[in-house]
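Bear in mind that the values here come from a model prediction, so they are computed numbers and not experimental data. All heavy atoms count here, side chains included; hydrogens, waters and symmetry mates do not. All residue numbers in this chain count up from 1 along the given sequence.
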Amino acid sequence: MMTRPATSRFHVVLPTRSAAAPELPAFVTDVRPALTDPAGRAAVAADLAGLAGALVPFDPGGQESLTVAANVLRRTRHLRVVAGFHAAAATPVYAAKLSASLQRFAAGRLGWRLAVDLDPAVARAQGDFLTGPDRYARASEFLAVAKGVWHGGPFDSRGGFYEVAAGGFGPPLSASPFPEVQLSGTCPEALALSRRHADVHVFAEGDDLEALVPELPGLRYGVHLASLHRVEERVEEYARRGVSEFFVRTEDVYHLGEHLKEQALAG
């Protein structure tokens, strides 16, 4: 049995869609403020409540995650913000340069959650027709190239998916920390990708952690909690298996933070 980590860290999963404006009769004037930034409001609440971080998930039908993350980073002071996106969204050089710029403005609080194993229909709708194990090979090369150009030049790489000649960032872009990399999945290719590139491997509830965690030595482990029902018991159980990062979706972020503080004081 694994020992419990010193600290369990909670991350709120932010909304990626804004509610549509209500359809009102022409003679009605709606003077209420437009609620166009639910992610920003939830992130501010998470920051004030003392949560560790926030995840902007990859949402094909929602707002672009790195853009939402930039807004959330601007509105918060301490919250670590992870943006979920897939490798076909941009070249690794562009994704790295965009993120290096965000890191400078946000004191290194940006992380990446790379989505690899997309539903084929979703992937094709994003302009991505790569299938099978090649998706993991591309993700590995994406991360290797992004890290390579981030840490200075001249950087050269000629792989199966990307080619860079005499690239690399100079100061001040290269001075910021590379985003923390979060990955997920349970297939052999996903585990191999995490062993090579991840800082955190994130599981789903129901995954066999007893079998999977030994395959991922040296990483931090996270779990998405499907609900807040019996959250203390479930966190305790996962913590005994080495999990330190918990991702939760809730509309009452501040209440969750106060509840966690009460539990910490009581326990």
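Of all heavy-atom pairs spanning Ala166 and Asp156, the tightest one is N-OD1, 2.7 Å. For the pair Leu66 and Leu102, the tightest heavy-atom approach, listed with the atom from each and the gap, is O-CD1, 4.2 Å. Val81 approaches Ala69 most closely through the heavy-atom pair CG1-CB, 3.8 Å. Of all heavy-atom pairs between Asn71 and Gly40, the closest is ND2-CA, 4.2 Å. Listed here is the closest heavy atom pair of Ala198 and Leu183: CB-CD1, 3.8 Å. Taking every heavy atom of both residues into account, Thr76 and Ala43 meet most closely at CG2-O, 3.7 Å.
With contacts defined as side-chain heavy-atom distances shorter than 4.5 Å, the pair Ser157/Glu163 does not qualify. Using a 4.5 Å cut-off on side-chain heavy atoms (C-beta onward), Thr7 and Ser244 make no contact. The shortest side-chain heavy-atom distance between Thr16 and Glu64 does not fall under the 4.5 Å cut-off. The closest side-chain heavy-atom distance from Val145 to Thr91 is not below 4.5 Å. Residues His78 and Arg109 form no side-chain contact, since every pair of their non-hydrogen atoms from C-beta on lies 4.5 Å or further apart. In this structure, the side chains of Val202 and Val223 stay at 4.5 Å or more apart for every pair of heavy atoms. Side-chain contact check for Ser99 versus Trp150: some heavy-atom pair is nearer than 4.5 Å. Contact of the Leu219 side chain with the Ser194 side chain is registered, since non-hydrogen atoms from C-beta on lie closer than 4.5 Å.
Atom CZ in Phe169 sits 10.5 Å away from atom NE2 in His151 (nearest 0.5 Å). Rounded to the nearest 0.5 angstrom, Leu118 CG and Gln126 CD are separated by 7.5 Å. If you take OG on Ser227 and CZ on Arg249, they are separated by 12.5 Å, rounding to the nearest 0.5 Å. Interatomic distance, CG of Leu209 versus NE2 of His201, reported as 8.5 Å (0.5 Å rounding). Separating the CZ atom in Arg138 from the CG atom in Leu130 is a distance of 4.5 Å, to the nearest 0.5 Å. One finds the CZ atom of Phe155 at 14.0 Å from the OG atom of Ser174 (value rounded to the nearest 0.5 Å).
In this structure a side-chain-to-backbone donor-acceptor pair under 3.5 Å is missing from Glu245 to Arg220. A donor-acceptor contact shorter than 3.5 Å links the side chain of Arg241 to the backbone of Glu237. Between the side chain of Arg104 and the main chain of Leu173, no donor-acceptor pair closer than 3.5 Å is present. In this structure, the side chain of Asp207 engages the main chain of Ala204 through a donor-acceptor pair within 3.5 Å. Not a single donor-acceptor pair under 3.5 Å links the side chain of Asp199 to the backbone N or O of Gln182. For Tyr221 (side chain) and Leu216 (main-chain N/O), a donor-acceptor pair under 3.5 Å exists by modelled atom type. Here the side chain of Glu180 pairs no donor or acceptor atom with the backbone of Gly111 at under 3.5 angstrom. Between the side chain of Arg80 and the backbone N or O of Gly108, at least one donor-acceptor pair lies under 3.5 Å.
Remark: Glu205 engages Arg234 in a salt bridge, criterion side-chain N to carboxylate O under 4.0 Å. For the pair Glu233 and Arg230, the salt-bridge criterion is met [side-chain N within less than 4.0 Å of a carboxylate O]. In summary, Asp59 and Arg17 engage in a salt bridge, as defined by a charged side-chain N under 4.0 Å from a carboxylate O.
Val68 and Val13 fall into different hydrophobic clusters, defined by Ile, Leu, Val, Met, Phe, Trp and Tyr side-chain heavy atoms under 4.5 Å apart, directly or through other members. Residue Leu143 is not grouped with residue Val82 when hydrophobic side chains (ILVMFWY) are merged at heavy-atom distances under 4.5 angstrom, including chains of intermediate members. In terms of hydrophobic clustering, with Ile, Leu, Val, Met, Phe, Trp and Tyr side chains grouped at heavy-atom distances under 4.5 Å, Val93 and Leu110 are assigned to a common cluster. Hydrophobic clustering keeps Val12 apart from Val200 (ILVMFWY residues linked when any side-chain heavy atoms are closer than 4.5 Å, directly or through intermediates). Following chains of ILVMFWY side-chain contacts shorter than 4.5 Å, one cannot reach Val122 starting from Val56, and the two form parts of different hydrophobic clusters.
Using the six-membered ring where Trp is involved, Tyr162 and Phe142 have ring planes that are perpendicular, over 60° apart on the 30 and 60° scheme. In this pair, Phe85 and Trp112 present their aromatic rings perpendicular. The plane angle is above 60°, beyond the 30 to 60° band.
Checked against the 6.0 Å centroid threshold, Phe247 and His224 count as a close aromatic pair. Close placement of the His86 and Phe58 rings is indicated, their centers lying within 6.0 Å of each other.
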Chi angles and distances behind the side chain to side chain contact (heavy atoms under 4.5 Å, CB included) call for Leu79, Val44: CA-CA 9 Å; Leu79 205 67; Val44 169; over 6 Å; no
Full working for side chain to side chain contact (heavy atoms under 4.5 Å, CB included) between Phe246 and Val231: CA-CA 10 Å; Phe246 295 90; Val231 63; over 6 Å; no
Passes salt bridge (charged side-chain N to carboxylate O under 4.0 Å, His left out), Asp128 versus Arg135? Steps please. CA-CA 10 Å; Asp128 179 16; Arg135 294 170 299 178; over 6 Å; no
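Atom NZ of Lys147 has more than 12 heavy atoms from other residues, nucleotides or ligands within 6.0 Å.
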